[in-house]
Amino acid sequence: MNGRFWARHAWTGALEHDVLIEVAGGRITALRPSAAPGDAVVLDGLVLPGLANGHSHAFHRALRGATQAGSGTFWTWRETMYRVAAALTPDRYLRLARSVYAEMALAGITCVGEFHYLHHAPGGVAYGDPNAMGEALIEAAEQAGIRITLLDACYLSSGFGLPPDETQLRFSDGSADAWAERVSALKDRDHARVGAAVHSVRAVPAAGLGVVARWAEERRAPIHAHVSEQPAENEACLEAYGVTPTRLLADHGVLGPRATAVHATHLTPEDIALLGGSATTVCMCPTTERDLADGIGPARDVQEAGSPLSLGSDSQAVIDLFEEARAMELNERLRTRRRGHWTAAALLRAATADGHASLGWPDAGRIEVGAFADLVTVSLDSVRTAGPSHGPETAIFAATSADVTDVVAGGRVIVRHGVHRLVPDVPGALREAVAGAVA
Ligand SMILES: [Zn+2]
C-alpha cells in the first residue's frame, strides 16, 4: 500500500508537529516534520504507532456483560467460558472473531496475538482441515484489516496428571507431538504469523514442554504461556514437580527473548530473576486480572529484572489498550502509595513496540522509516481529551478507545472518521455474532 499521510501531531519517540509521512509497500519511507499537508490524507489529532494487543482470546468477547453479574472466582468464570467454547463451529468462530477484530481495529489495534486453544470439534474429533478453527481466526483478521500472530496452544490435560474434561477434549491433540504435527501445517502469510503457546503448566505435562519449545526454536517463532495467574496453579505445580511454574518452564527451555509469560501475577523472587534474566516478555492484562480478581502482578519488578512488558485485552472484558496501559501504572500506585512508576511514553512503548516484538513483528509499533505504516489517530477535541496537551499523557491517562478516529494498518486506511471501512456496522456484527455463538 502506497500513500501520503499528514499528522498534525505525531509521536515518533518525541512529539513532532505537521509531519508528512510517506508510505510505499506498506512501510514508512520518509518522515518530514513541519511540512504542509498538500494532497496527503490528513490525520487530525495525535498520531501514535499502531497498538499491539499482546494477548487475546477472541471468543471470550461473547461473555461480556454476562459474567459480570453475581460473584465467584476465576474458576467459576471459567465454567461460563466453557459453555461458549462448547457451542462454536469454524463458521461461527469466523463471524465472531471478525467482529471482535473489527472492534479492536476501531480501538487502534493493528496486530493481535490470538492465544488459540479451541482446535477441534466437540468430543475432540478433528475437522476435515484439522486447523479449521485457526484458519478461521487468520481469515477473520484479514477481513478486519489487521495483522495476527496465531499463538497455537498445546493443551493436553485438565490439571497435573488429569485427562481433559469433556469441553477440554476440543482443546487437546492427544500428545505434544500430535500438536506439533498439526501446527506445522499452518503457514505464515503477509498479515499472519504462526507462533506456539503452552496453555499453562496445568495443561501441558512437563514431558511435552520441550516439544513445544523446540518447535518454536526451530522456526524462530514466538512462544507464549499463561503463568501463575492463580496461586492454586503454583501450589499444584509445587506438589507435582517440586518447583514453581516459571522454574518448570525455564528448565524445559520455554523462556527466552522470543517468549512471553502472560499474567505472571503470583511470582517468587527467583521467578522474577528467571523471567528478567532470560529477557522473557511479561504480558500484563490488567482489565482481565481485576475482572477475575486475580491480583496485581509485579510488573515493575520484572521489568527492572530485564523483562520487556506488553499488554493484552485477554478476556475482552473491555478492548481498550489505553485503559490497560494506565491500569498497569495505577495498580502499582495503589500497591506502593507512590505515583509515577512509568512515564506515558514508557506505557505507550508496552502498548506498541514491545507488544509487536513479543508477537514476532519487531519492525512494527514505531513511527520511523522502514517500519510498518501503522498509524493511529487519537482525537484531541473530545470531551475526554480537549485541552492544551498534545502529548502521550493525554492518550494514556485520559483517552479511551472511543477517541480513536482513524487507523492505518500497513499503509491501508481501515478506519476513517470512526467508521470501519471493511466492517461498516461493527456493533451490529458483534450483536449477531455473539447471539450466534451462545445460541
Ligand atoms: Zn489468557
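Every number for a ligand or one of its atoms is a count from 1 in the order of the listing. This one's a predicted model, so the numbers in the text were calculated from it and none came from an experiment. Residue indices begin at 1 and follow the sequence shown.
- Counting only protein N, O or S atoms, the number found under 2.8 Å from the Zn ion (ligand 1) is 4.
- Centroid-to-centroid, the aromatic rings of Tyr117 and His57 come within less than 6.0 Å.
- When ring centroids are compared, His226 and His199 come within the 6.0 Å threshold.
- Salt bridge absent: Asp91 and Arg95 never bring a charged side-chain N and a carboxylate O closer than 4.0 Å.
- Evaluated for a side chain to side chain contact (heavy atoms under 4.5 Å, CB included) with Pro245, the options Leu267, Asp271, Val201 yield exactly one hit, Val201.
- Using a 4.0 Å cut-off between a side-chain N of Lys or Arg and a carboxylate O of Asp or Glu, Arg338 and Glu332 do not qualify as a salt bridge.
- Between His263 and His266, the distance separating the two ring centers is not shorter than 6.0 angstrom.
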